[in-house]
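Some notes on the structure that comes next.
Residue numbers start at 1 and run along the sequence shown.
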Amino acid sequence: MSDLTRPRAAARRARGVGRHARRSTGRRPLVLTVLALATYVVLLVLVIGTATVAVARYSGRDEPVHWGSFRLTEPDCSRDRSGEVSCVWYGTWTPDDGSPPIRDVKYDGGSLDPEDPPVGNVRTGYRDSDLLDAEPGTVWNADDIDSTWTTPAIVAGVCALLLTFLVFDWGDAGRLRRWWQRRRAESGR
């Protein structure tokens, strides 16, 4: 009779059913905890950083635009893993106010296609809120200058969604809820 029950017990243990189910302590190994925390910190820093940039650029939309002309001097083209070629355009930006031209300025707002470089003098500009130094590192065309905040906002939103998904998927939201309930019970609230 014991030979007949052993396969059943093994099957129940494998399925995790009945008295043969393995008891979970609810804990995970320290290495996984550290990796999860590191992942959360990186994602949180990305969310805060990109959201800050997005808010600064959005609030700077009322600032005056420093207009000028961009002329391509150096395309920087590279091939990605799939074999696609994309280019970033660098050139000289000449301000309309007669200030000296600024070299090695990145043109943002055009096509990345190597067959579609900016031709001639392109009307571009920047705002003071876009500056990292005293000189502009990037200038935008007239169509895209009011939407410079959208890319950081999208990155912040995607990172926030990924962070939320991971917290719930990895079970840390439940652990945090149980910890909070124990803390409230201990304090008598």
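A continuous path of ILVMFWY side-chain contacts below 4.5 Å connects F165 to L43, so both sit in one hydrophobic cluster. Neither L161 nor I154 shares a network with the other; the hydrophobic side chains, linked directly or stepwise wherever heavy atoms of I, L, V, M, F, W or Y lie under 4.5 Å apart, form separate groups for each. Linking ILVMFWY residues whenever their side-chain heavy atoms come closer than 4.5 Å, directly or via other members, leaves V119 and V122 in distinct clusters. The same ILVMFWY cluster, assembled from side-chain heavy atoms under 4.5 Å apart, contains both W89 and I102. Neither L46 nor V53 shares a network with the other; the hydrophobic side chains, linked directly or stepwise wherever heavy atoms of I, L, V, M, F, W or Y lie under 4.5 Å apart, form separate groups for each.
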*Take R123 and N141 through the test side chain to side chain contact (heavy atoms under 4.5 Å, CB included) and record every step on the way to the result.*
CA-CA 6 Å; R123 182 94 170 131; N141 64 15; over 6 Å; no
_Test log, rule side chain to side chain contact (heavy atoms under 4.5 Å, CB included), inputs W180 and R184_ = CA-CA 6 Å; W180 187 256; R184 286 182 64 194; 3.2 Å; yes
*May I have the step-by-step check of side chain to side chain contact (heavy atoms under 4.5 Å, CB included) for V105 and T92, ending in yes or no?*
CA-CA 6 Å; V105 175; T92 302; over 6 Å; no
*Begin with the C-alpha distance, continue with both residues' side-chain angles, and end with the deciding distance and a verdict on side chain to side chain contact (heavy atoms under 4.5 Å, CB included) for D146 and W140.*
CA-CA 9 Å; D146 284 332; W140 287 269; over 6 Å; no
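How far CH2 of W67 is from CG of D97: 14.0 Å, rounded to the nearest 0.5 Å. The CG atom of L166 sits 11.5 Å away from atom CZ of F168, with the distance rounded to the nearest 0.5 Å. With rounding to the nearest 0.5 angstrom, the CG atom of N121 is 7.0 Å from the OG1 atom of T94. For the atom pair S69 OG and D96 CG, the distance stands at 5.5 Å (nearest 0.5 Å). With rounding to the nearest 0.5 Å, the separation of OG1 in T124 from CG in D143 is 12.0 Å. With values rounded to the nearest 0.5 angstrom, L44 atom CG is found 11.5 Å from L37 atom CG.
Residues Y58 and W149 place their aromatic rings such that the two centres sit under 6.0 Å apart. Taking the centre of each ring, Y126 and W93 come in below the 6.0 Å mark.
In this structure, the side chain of T33 engages the main chain of P29 through a donor-acceptor pair within 3.5 Å. Remark: the backbone N or O of P95 is not paired with any side-chain donor or acceptor of S99 at under 3.5 angstrom. Panel note: side chain D144, backbone S147; no donor-acceptor pair is recorded below 3.5 Å. For R127 (side chain) and I145 (main-chain N/O), a donor-acceptor pair under 3.5 Å exists by modelled atom type. Although no hydrogens or angles enter the test, the distance criterion places no donor-acceptor pair under 3.5 Å between the side chain of R61 and the main chain of R57.
Of all heavy-atom pairs between A156 and A51, the closest is CB-N, 3.8 Å. Between V47 and A160, the shortest heavy-atom distance links the atoms CG2-N, 3.4 Å. Smallest separation of non-hydrogen atoms from Y90 and L72: O-CD1, 3.3 Å.
Counting only heavy atoms from C-beta outward, the side chains of I48 and T52 approach each other to under 4.5 Å. Between R103 and T73 the shortest side-chain heavy-atom distance does not fall below 4.5 Å.
Qualifying ring-ring contact (aromatic ring centres under 6.0 Å, His included) partners for Y40, counting only residues two or more places apart in sequence or in other chains: W170.
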